[in-house]
Amino acid sequence: MASFLFIQHAQGWQQMFRRSQSGGFVSRLLAWLVLGLVLMVGLLVVVAVLLLSWLLIPVLMYKRRKALKARFAAERAYQQSSQGEIIDAVVTEIRDDKA
């Protein structure tokens, strides 16, 4: 049963393909031109995104470096302001053996 349905479906596809092959030269030329245009637009989008990423990499690296410098400066200022303050503590563990 399944093979019969598959054969019937495949024959339907073959008939549809034969009908589409019977199109004239103009329809085939138009199809190729549309396909070429779609491929060119896709290529332009990919190249534009690639160039944009290459342009943004140095900007993002500069911002990250600037943020790191600011963070290190803040840490250095905090360490210099808190010199001489030592916090000493003892950690104890309390167990509840009732459970």
Side-chain angles (χ1 to χ4, degrees):
M1 180 72 180
S3 63
F4 173 72
L5 290 175
F6 177 76
I7 291 171
Q8 189 177 15
H9 193 69
Q11 286 174 350
W13 277 104
Q14 288 173 354
Q15 287 175 358
M16 191 170 62
F17 183 70
R18 280 190 212 112
R19 274 187 246 129
S20 68
Q21 288 291 328
S22 64
F25 175 74
V26 176
S27 64
R28 287 185 188 181
L29 181 66
L30 182 64
W32 277 105
L33 288 176
V34 169
L35 178 65
L37 183 67
V38 168
L39 287 174
M40 291 304 284
V41 168
L43 181 65
L44 286 175
V45 168
V46 168
V47 169
V49 169
L50 181 66
L51 290 175
L52 182 65
S53 69
W54 284 349
L55 291 174
L56 287 178
I57 286 172
V59 173
L60 294 175
M61 286 179 63
Y62 172 75
K63 285 185 175 184
R64 181 181 169 99
R65 193 176 310 121
K66 188 176 177 183
L68 282 175
K69 284 182 182 178
R71 189 175 119 205
F72 288 141
E75 285 179 4
R76 205 174 306 119
Y78 176 75
Q79 287 175 356
Q80 289 175 355
S81 69
S82 66
Q83 278 182 343
E85 295 178 20
I86 298 175
I87 299 174
D88 195 10
V90 176
V91 177
T92 58
E93 182 179 343
I94 300 173
R95 291 189 178 183
D96 189 15
D97 293 331
K98 294 178 184 177

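Owing to the predicted nature of the structure, the values given are computational and were not obtained by experimental measurement.
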Ignoring hydrogens and angles, write down the donor-acceptor pairs under 3.5 Å from the side chains of residues 56-63, residues two or more places apart or on other chains.
none

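- Not counting sequence neighbours, the partners of Leu33 by the side chain to side chain contact (heavy atoms under 4.5 Å, CB included) test are Leu29.
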Practice problem: Would you sort out whether Phe72 and Glu75 count as a side chain to side chain contact (heavy atoms under 4.5 Å, CB included), showing the intermediate values? | Solution: CA-CA 5 Å; Phe72 288 141; Glu75 285 179 4; 4.0 Å; yes
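- Every pair passing side-chain hydrogen bond (donor to acceptor under 3.5 Å, both in side chains) that includes a residue from residues 4-14 is listed here, sequence neighbours excluded: His9-Trp13.
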Name every donor-acceptor pair, under 3.5 Å, that has one atom in a side chain of residues 40-48 and the other anywhere in the protein, sequence neighbours excluded.
none

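- For Trp32, there are no side-chain hydrogen bond (donor to acceptor under 3.5 Å, both in side chains) partners at least two apart in sequence or on another chain.
- Partners of Arg64 by side chain to side chain contact (heavy atoms under 4.5 Å, CB included), not counting sequence neighbours, listed by chain and number: Leu68.
- Here Arg95 pairs with Glu93 under the side-chain hydrogen bond (donor to acceptor under 3.5 Å, both in side chains) rule; sequence neighbours left out.
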